[in-house]
Novice: 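Please read through the structure below; I'll follow up with questions.
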Protein chains: 2
Amino acid sequence: MKSLRLTKQKKAIIDLLSPRKDHPTAEDIYSAVRKLIPKISLATVYRNLEIMAAAGIIMKIEHEGLNRRFDPDTSAHSHFICVECGIVEDIPFNLNNESINQIDSWIGKRKILRSRLDYYGLCGVCANE
Amino acid sequence: MKSLRLTKQKKAIIDLLSPRKDHPTAEDIYSAVRKLIPKISLATVYRNLEIMAAAGIIMKIEHEGLNRRFDPDTSAHSHFICVECGIVEDIPFNLNNESINQIDSWIGKRKILRSRLDYYGLCGVCANE
DNA sequence: CCCTTATTGATAATAATTATCAATAATAAT
DNA sequence: ATTATTATTGATAATTATTATCAATAAGGG
């Protein structure tokens, strides 16, 4: 009977990620959490981020060209990715379900678990250049 | 005046990719094209795939957990990714623009270049297990 | 044909993530 | 409580996909 232990490492990672809106990478989180637990290992950070993502506590987000990032907001929402500077912004609207309904007849035996709608472009700063 | 030369390597890669519906990786294309040009280098395959994707001749597709794949179909279309076996299927419907319109007021100075709507789930085969 | 420049092939380098494994910490059993 | 059991950690090695390097080759223009 394996139990999931909420270690001080996991707690520190969650506490650190929770308030953030900037979708940090594992490396970002590592350098931040090191201020609290200097001896924490990068592997532990990766490991626990994956475990917590699998448990649905946080969300793993992967986008073209960028390395993996993590988001404390697990609700269905879209991201805007600047192709110039790589910033990832939340889009404050939910993905509408029309496209999902549209493909109903195509689905057949397939089972759709989730969808992802993302936007790529230039952020406010990069658009002025 | 740099010109883009359609070398026999590029031609072989396109000819090979064009009829395929299975979204092969660079490695897949490499092993296939080696039957035509045994001495072709993996680097050449990667290089030319990137060049042709940048030129808009083919499309580069990147999805969570999978390595980069290439698609001869450059039209806007969604993909269905099986989280079990990793197969990438085309969804024969276009992304509707409603979600894009919905975020108009949020856009501000941002410039949206493209969007991507993908579905994750279990394919017909994997759903029966 | 020669000259210039793009492209190739071979290989080294990079970089992010994952695996390994002995040491440690947490919980459970006695 | 003390010991036994099991999960987790930290350190580091391994992996793997992709990118960079660079001398050699090939292509096309004049």
Side-chain angles (χ1 to χ4, degrees), chain A residues 1-17 22-55 57-71 81 83 86 88, chain B residues 1-17 22-55 57-71 81 83 86 88:
Chain A
M1 50 212 76
K2 55 178 179 185
S3 61
L4 187 103
R5 291 180 184 160
L6 181 58
T7 60
K8 69 164 191 263
Q9 288 88 346
K10 286 196 189 69
K11 191 167 182 334
I13 290 169
I14 295 184
D15 288 350
L16 227 138
L17 181 59
D22 64 339
H23 311 89
T25 63
E27 196 78 41
D28 292 336
I29 294 163
Y30 173 58
S31 53
V33 83
R34 241 138 86 89
K35 287 162 192 160
L36 301 171
I37 307 174
K39 286 205 60 105
I40 197 170
S41 167
L42 177 58
T44 300
V45 174
Y46 268 102
R47 199 163 29 214
N48 283 332
L49 285 170
E50 290 298 321
I51 289 169
M52 293 190 288
I57 299 165
I58 63 173
M59 207 173 181
K60 175 165 62 164
I61 58 182
E62 306 190 57
H63 289 112
E64 302 172 15
L66 306 177
N67 27 340
R68 186 178 303 167
R69 287 148 185 273
F70 294 89
D71 192 340
I81 300 99
V83 297
V88 177
Chain B
M1 51 213 73
K2 55 176 178 185
S3 59
L4 187 102
R5 290 181 184 159
L6 181 59
T7 60
K8 69 163 190 265
Q9 287 86 348
K10 285 196 190 70
K11 190 167 182 335
I13 291 169
I14 295 184
D15 288 350
L16 227 139
L17 180 59
D22 64 339
H23 312 88
T25 63
E27 197 76 42
D28 292 336
I29 294 163
Y30 173 59
S31 54
V33 84
R34 239 138 88 88
K35 288 162 191 159
L36 301 171
I37 308 174
K39 285 204 60 104
I40 198 169
S41 167
L42 177 58
T44 299
V45 175
Y46 268 102
R47 199 162 31 210
N48 284 331
L49 286 169
E50 290 298 321
I51 289 170
M52 293 189 289
I57 300 166
I58 63 172
M59 207 172 180
K60 176 165 61 165
I61 58 182
E62 307 189 57
H63 289 113
E64 302 171 16
L66 305 177
N67 26 341
R68 185 177 303 166
R69 288 149 185 271
F70 295 89
D71 191 340
I81 299 98
V83 298
V88 177

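Reminder, nothing fancy here: chain letters follow the sequence lines and each chain counts from 1.
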Novice: Among the candidates C:dA16, C:dT20, C:dT8, find the nucleotide nearest to the side-chain atoms of A:R47.
Specialist: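 Within the option list, the nearest is C:dT20.
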Novice: Heavy atoms from C-beta onward define the side chain here; which of C:dG9, C:dT17, D:dA17 lies closest to that of B:I37?
Specialist: C:dG9
Novice: Please check: side-chain N/O of A:K10 versus main-chain N/O of A:R5, any donor-acceptor pairing under 3.5 Å?
Specialist: yes
Novice: Expressed as a whole number of angstroms, how long is the span from B:E50:CD to C:dT8:P?
Specialist: 14 Å
Novice: Starting at atom CG of B:L42, determine the distance to atom P of C:dA13, rounded to an integer number of angstrom.
Specialist: 17 Å
Novice: Between B:K8 and D:dA27, is there a side-chain N or O to OP1/OP2 distance below 4.0 Å?
Specialist: no
Novice: With the side chain of A:R5 defined as its heavy atoms from C-beta on, choose the nearest nucleotide among C:dT17, C:dT27, D:dA11.
Specialist: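 Comparing C:dT17, C:dT27, D:dA11 against the side chain of A:R5, the answer is C:dT27.
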Novice: Does A:A26 or B:I40 map to a spot on DNA chain C nearer the 5' end, using the closest nucleotide for each?
Specialist: B:I40
Novice: Return no unless some side-chain N or O of B:R68 is found under 4.0 Å from OP1 or OP2 of D:dT19.
Specialist: yes
Novice: To the side chain of B:Q9, which of D:dA11, C:dT18, C:dG9 is closest?
Specialist: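 That would be C:dG9.
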Novice: OP1, OP2 of C:dG9 versus side-chain N and O of B:T44: anything below 4.0 Å?
Specialist: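 Yes, such a contact exists.
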Novice: Applying side chain to side chain contact (heavy atoms under 4.5 Å, CB included) to A:F70 and A:K60, what does each step give before you reach the verdict?
Specialist: CA-CA 5 Å; A:F70 294 89; A:K60 175 165 62 164; 4.1 Å; yes
Novice: Do the side-chain N or O atoms of B:Y46 get closer than 4.0 angstrom to the phosphate oxygens (OP1, OP2) of D:dT18?
Specialist: yes
Novice: Please tell me if A:T7 has a side-chain N or O lying less than 4.0 Å from either OP1 or OP2 of D:dT9.
Specialist: yes
Novice: Taking CG from B:N67 and P from C:dT18, how many angstroms apart are they, rounded to a whole number?
Specialist: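 It is 13 Å, rounded to the nearest whole Å.
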Novice: Could you tell me if the side chain of B:V45 sits less than 4.5 Å from the side chain of B:E27, heavy atoms only?
Specialist: no
Novice: Closest to the B:A43 side chain: D:dT9, C:dT8, C:dT11?
Specialist: C:dT11
Novice: Specify the separation, in whole Å, of atom CG of A:D28 and atom C1' of C:dA16.
Specialist: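 Distance, rounded to whole Å: 13 Å.
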Novice: Has B:D15 got a side-chain atom pairing as donor or acceptor with B:A12's backbone, closer than 3.5 angstrom?
Specialist: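 Not confirmed, B:D15 side chain does not pair with B:A12 backbone.
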Novice: Between A:K39 and D:dA11, is there a contact of a side-chain N or O with OP1 or OP2 at under 4.0 Å?
Specialist: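 Answer is yes, contact under 4.0 Å.
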Novice: Between atom NZ in A:K11 and atom P in C:dA25, what is the gap in whole Å?
Specialist: 19 Å
Novice: Could you check how far NZ of B:K10 sits from P of D:dA26, rounded to whole Å?
Specialist: 15 Å
